[in-house]
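Structure record follows, encoded as structure tokens.
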Amino acid sequence: MAKRDKPLVRPMSPHLGIYRWQYTNTLSILHRATGVALTAGTPLLVYWLVAAASGAEEYAQAQELLSNGLLQVALVGWVFSFCYHFCNGIRHLVWDTGRGFDLKVARASGYAAVGIALLLTAIVFFVFWVRAGGAA
Amino acid sequence: MSLRSPLGKVLGLGAAKEGAGHWWSQRLTAVALALLGVWFIASLASLGSFDYSAVTAWIARPWNAALLSIFVAVMSYHSHLGVQVVIEDYVHGAAKTISIVLSNFFHVLVGVLGVVAVLRIAFGGAA
């Protein structure tokens, strides 16, 4: 390749270091983060299924392990991750049809995704933890 | 100067013909998971109790066993597709290849293990 004596002066796409923060950036990376969190949580779901397939004793052991305080907090985080990834995923699917790209609409749908995700998390928390008195 | 046509040069290279496959699979599995996820959470909620007998009896029903198997399998596939993109964005060189291979192993294991567990309950192998 030929050596350049002066730097390229092409326009550069959003340079993250100097790009003004907007909450939609955070929503975008949160989609990825919750996706990775969900991936990290799948072994837990599979562990629960394997325990149920292994017998009553193993299942009781798994239930006890899962009722551990730290894991319960992780489980609530996992529920939120699911709800957010679900809501924001629908937002992405709508975008894939070419709709919803207007600045106003995209920002409003971002608020909606977070709001509905929090609401769904609260509902799931109420149904599984408050009403049933501690779940899975 | 080569006498090969430009078309001849690019055929079989790069993302030709298959570039949209990953993208499309991710969307399709996303739609399936949205439906299955709602079904799964609603089912667990209506189960009421997480007793061993209640849970295994619920899983053992044919429809539940089928949908739960599909749920676990599609979940691990969708997860595989997503994690692959994340790795490709942040990891480079040999580490990228190794990470993707490990991710593939992980996801196949998780998917197969989940399906085997569900089928074992469904076919009464669990004692």
Side-chain angles (χ1 to χ4, degrees), chain A residues 29 31-64 66-67 78-79 81-83 85-97 120-121 123-129 131-136, chain B residues 23-24 26-31 33-34 37-38 40-42 44-60 68-69 71-72 75-76 78-83 85-87 89-90 103 106-107 109-123 125-127:
Chain A
I29 195 66
H31 191 70
R32 206 163 244 215
T34 51
V36 171
L38 288 170
T39 297
T42 44
L44 220 57
L45 174 66
V46 168
Y47 165 69
W48 183 69
L49 288 173
V50 168
S54 303
E57 220 169 283
E58 286 85 347
Y59 184 77
Q61 268 172 18
Q63 286 292 88
E64 192 168 321
L66 290 172
S67 63
W78 203 60
V79 169
S81 294
F82 179 85
C83 294
H85 204 79
F86 174 83
C87 293
N88 202 52
I90 290 173
R91 195 165 160 240
H92 269 284
L93 288 172
V94 173
W95 283 336
D96 289 337
T97 70
L120 290 177
T121 309
I123 292 173
V124 170
F125 183 79
F126 177 78
V127 169
F128 286 98
W129 274 271
R131 204 193 60 179
Chain B
W23 187 92
W24 180 240
Q26 200 168 32
R27 269 62 187 178
L28 218 57
T29 51
V31 173
L33 285 176
V38 170
F40 181 63
I41 292 181
L44 285 188
S46 65
L47 204 59
S49 150
F50 283 95
D51 289 347
Y52 173 72
S53 53
V55 168
T56 47
W58 176 77
I59 295 175
L68 200 53
S69 302
F71 184 46
V72 174
M75 180 192 290
S76 93
H78 183 82
S79 169
H80 149 75
L81 292 170
V83 168
V85 175
V86 173
I87 292 172
D89 279 354
Y90 305 127
S103 160
F106 167 81
H107 284 105
L109 181 67
V110 163
V112 172
L113 207 53
V115 171
V116 167
V118 171
L119 293 183
R120 182 152 189 235
I121 296 167
F123 293 133

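Computed over heavy atoms, backbone and side chain alike; hydrogens, waters and symmetry mates excluded. In the text below, chain A, chain B and the rest are named by the order of the sequence lines, each starting its count at 1.
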Problem set entry | Proximity breakdown for A/Leu45 and chain B, heavy-atom pairs closer than 4.5 Å | side chain
Problem set entry | Backbone N/O of A/His31 and side chain of A/His85: donor-acceptor pair under 3.5 Å | yes
Problem set entry | Residues in side-chain hydrogen bond (donor to acceptor under 3.5 Å, both in side chains) contact with A/Thr42, at least two apart in sequence or another chain | none
Exercise. Cut-off 3.5 Å, side chains only: do B/Asp51 and B/Ser53 have a donor facing an acceptor?
Worked result: no
Seminar exercise, completed: chain A shares the most heavy-atom pairs under 4.5 Å, among B/Asp89, B/Val31, B/Val72, with B/Asp89
For this session: Taking all non-hydrogen atoms of both residues into account, name the closest pair between B/Val110 and B/Ser76 and its distance.
Result: CG1-CB, 4.4 Å
For this session: Give the member of B/Val38, B/Leu44, B/Leu33 that has the highest number of heavy-atom pairs under 4.5 Å with chain A.
Result: B/Leu44
Seminar exercise, completed: So, the part of A/Phe82 with a heavy atom under 4.5 Å from chain B: the answer is side chain
For this session: Among A/Val124, A/Ile123, A/Leu120, find the one that has a side-chain contact (heavy atoms from CB on, under 4.5 Å) with B/Ile41.
Result: A/Val124
Problem set entry | Segment of B/Val85 engaging chain A (4.5 angstrom heavy-atom cut-off) | both
Problem set entry | Heavy-atom proximity to chain A below 4.5 Å, by part of B/Val86 | both
Problem set entry | Atom group of A/Leu93 that falls short of 4.5 Å from chain B, counting heavy atoms | side chain
Exercise. Sub-3.5 Å donor-acceptor pair from the side chain of B/His107 to the main-chain atoms of B/Ser103, do we have one?
Worked result: yes
